[in-house]
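One structure is given below, encoded as structure tokens.
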Amino acid sequence: MTPELTALTLAALLQVVQYVLMAVPANIELGPGKTLSPRDRDRLGGNIQDMLSTRTARLYRALDNHFEGLILFAIATMVVTLGEKSGTFTTICAFVYLFARIAYVPAYAFGWSPWRSYIWLAGFAATTAMLIAALI
Amino acid sequence: MTEITILVLYGFLVIITLLMQATGAMTQLGMGYLLSSRDENRTVSGIAARLERALNNSITAMVLFAPAVLLIVVTDKSSSQSVLAAQIFLIARLVYVHAYAFKLTGIRSLSWTAGLASTAVLYFMAL
């Protein structure tokens, strides 16, 4: 297994952790009566996401954002590995991505603005660099 | 051009779409809001909103397309037909983003269908 694939596995596990971090407070705040329901807007009186506390809603958005990041990163690691372009540079990029996405969660939850956006940019740039490295 | 190269190019297409969507959001909502925690829900309109929907759709398409390409490569089923299917996907998705941004309604749905169909063909080839 290449180091990039290790980073990908850890990033996927981070997504599992992010799920738990969001779902546990969400269920405590809303109660299983709402979360286990079909979440029909007319019955709940709006979108269920809008009923969360500020911090839980931020964790929800952080989870949502990582889906986009993760799918691009998954492609980047796979093409680097399959194209046999794995090296020091792509390894550094992969771990920059992983640590950026780990830091992104508290940055969003605690409202470290504008650092959250810069942290996001680091992960995004690392993924783009890996995709470019796969082509050359 | 291999399927893997096309997948990388599609990755770039999504990145460019994201950057255009972010530019639109920045213009309409302001940099201050984007850098904030966005606790108040603000939405964009017009071309920025269409780019946001096009981006979301492109990510859905990517989640389906990437495993298809990886399956073809890992199972050694790559052929000129599978490369063609991947090329059709890439062109269709390129057309899709433009068609959404510039409100070319019929073309958008046609290119979406072409993209989905070529992804489905890749899965059949992998079998």
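The sequence lines fix the lettering, A, B, ..., with proteins before strands; numbering per chain opens at 1.
Residues of residues 63-73 of chain B having a heavy atom under 4.5 Å from any heavy atom of chain A, listed by number: B/V63, B/A66, B/L70, B/V73.
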Next item on the list: Check the pair B/M1, B/I6 against side-chain contact (heavy atoms from CB on, under 4.5 Å), reporting the backbone distance first and the verdict last.
Entry: CA-CA 7 Å; B/M1 191 183 279; B/I6 293 168; 3.6 Å; yes
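If you measure heavy-atom distances from A/L131 to chain B, the contacts under 4.5 Å come from both the backbone and the side chain. Neither the backbone nor the side chain of A/F110 comes within contact range of chain B; no heavy atoms are under 4.5 Å apart. Only the backbone of B/L34 has a heavy atom closer than 4.5 Å to any heavy atom of chain A.
Remark: A/L36 CG to A/L30 CG distance equals 11.0 Å, nearest 0.5 Å. B/F12 CZ to B/L7 CG: the interatomic distance, rounded to the nearest 0.5 Å, is 10.5 Å.
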Any idea which donor-acceptor pairs are under 3.5 Å between chain A and chain B?
from	atom 1	to	atom 2	distance (Å)
A/R58	NE	B/D39	OD1	2.9
A/R58	NE	B/D39	OD2	3.4
A/R58	NH2	B/D39	OD2	2.6
A/R61	NH2	B/S37	O	2.4
A/R61	NH2	B/R38	O	3.3
A/R61	NH2	B/D39	OD1	3.1
A/S113	OG	B/L35	O	2.4
A/R116	NH1	B/S36	O	2.5
A/R116	NH2	B/L34	O	3.0
A/R116	NH2	B/S36	O	3.3

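Options B/L55, B/L18, B/L9 differ in how many heavy-atom pairs under 4.5 Å they form with chain A, and the most are formed by B/L18.
Hydrophobic cluster membership for A/V96: A/I92 (Ile, Leu, Val, Met, Phe, Trp, Tyr linked by side-chain heavy atoms under 4.5 Å, directly or transitively).
Residues satisfying the side-chain contact (heavy atoms from CB on, under 4.5 Å) criterion with A/L21, sequence neighbours excluded, are A/V17, A/V105.
There is no path of hydrophobic side-chain contacts, each under 4.5 Å, that joins A/V24 to A/L52. Note on A/L8: it clusters hydrophobically with A/M1, by side-chain heavy-atom contacts below 4.5 Å among ILVMFWY residues. The hydrophobic clustering, which links ILVMFWY residues whose side-chain heavy atoms are closer than 4.5 Å, places A/L63 and A/F73 apart. B/V97 and B/V44 fall into different hydrophobic clusters, where Ile, Leu, Val, Met, Phe, Trp and Tyr are joined by side-chain heavy atoms under 4.5 Å apart, directly or via other members. A single hydrophobic cluster is not seen to contain both A/L72 and A/I102; linkage of ILVMFWY side chains at heavy-atom distances under 4.5 Å, directly or through other members, places them apart.
In this structure, the side chain of A/R43 does not engage the main chain of A/R39 through any donor-acceptor pair within 3.5 Å.
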